[in-house]
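Data first, discussion second: the structure below is written as C-alpha cells.
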Amino acid sequence: MNNPTTMTFFERFEADILCGKKTITIRDASEQYYVPGTTVEVSTFEDGRVFCQLEILAVEPIAFEELSTFHAAQENMTLPELKTVITDIYPGIHELFVITYQLCEPSVVTE
Ligand SMILES: CC(=O)Nc1ccn([C@H]2C[C@H](O)[C@@H](CO)O2)c(=O)n1
C-alpha cells in the first residue's frame, strides 16, 4: 500500500507516545510503505480512537536478531521486553521495519 495516511497503536502505548518517551515503532512488512516526510493520523487499534498525528522520519529494515538496547530505549522498554512484545505481535518473524517518527503539535483552531 503506497503512502499510507493512518497508523494504529495498541492503547497501552498511547501515553508513552504522547509524552515523547516512545519515538519508534517496529512493524512487519505490511507496514513498510510509510513515507518519510508525511504526516499520519494515529488511532488506537482497539477502538479506533484518534489520539495524535505523527510525522514519519524514517523507515528502515531490520532483522529481529539485530534489535538492540538502543531500539528498546527508543520504545521506552528493556530489550527483553521489546523482544517479547514483538514476538507476541508477530510470532516467528525475522524481517521487520523500524519506523521513526516525531509527534506533531496539536493544531490550534481559532475563530
Ligand atoms: C495491528 C498492529 O500490529 N499494531 C501494532 C503493532 C505494534 N505496535 C507497537 C508495539 C511496540 O511498541 C512496537 C513494536 O512492534 O509497536 C503497536 O502498538 N500496534
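Predicted model, so just to flag it, every value in this text is computed and none were measured. Values below: all heavy atoms of this structure, side chains included; hydrogens, waters and symmetry mates excluded. Start at 1 and go down the list; that is how both ligands and their atoms are numbered.
Between Ile99 and Glu31 the shortest heavy-atom distance is CD1-O, 3.4 Å. Scanning both residues, Leu18 and Cys52, for their nearest heavy atoms gives CD2-CB, 3.7 Å.
Every protein residue with a heavy atom nearer than 4.0 Å to ligand 1 is included here: Thr8, Phe9, Phe10, Phe13, Lys22, Thr25, Ile26, Arg27, Phe45, Glu75, Met77, Val85, Ile86, Ile89, Tyr90.
A salt bridge between Arg49 and Glu14 is present, with a side-chain N of the basic residue lying under 4.0 Å from a carboxylate O of the acidic one.
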N/O donor to acceptor pairs below 3.5 angstrom from side-chain atoms of residues 85-92, sequence neighbours left out:
| unit_1 | atom_1 | unit_2 | atom_2 | d |
| --- | --- | --- | --- | --- |
| Thr87 | OG1 | Lys83 | O | 2.7 |

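Gln102 and Glu55 form a side-chain donor-acceptor contact under 3.5 Å, judged by distance and modelled atom types alone.
For the atom pair CZ of Phe51 and CZ of Phe13, the computed distance is 10.5 Å after rounding to the nearest 0.5 Å.
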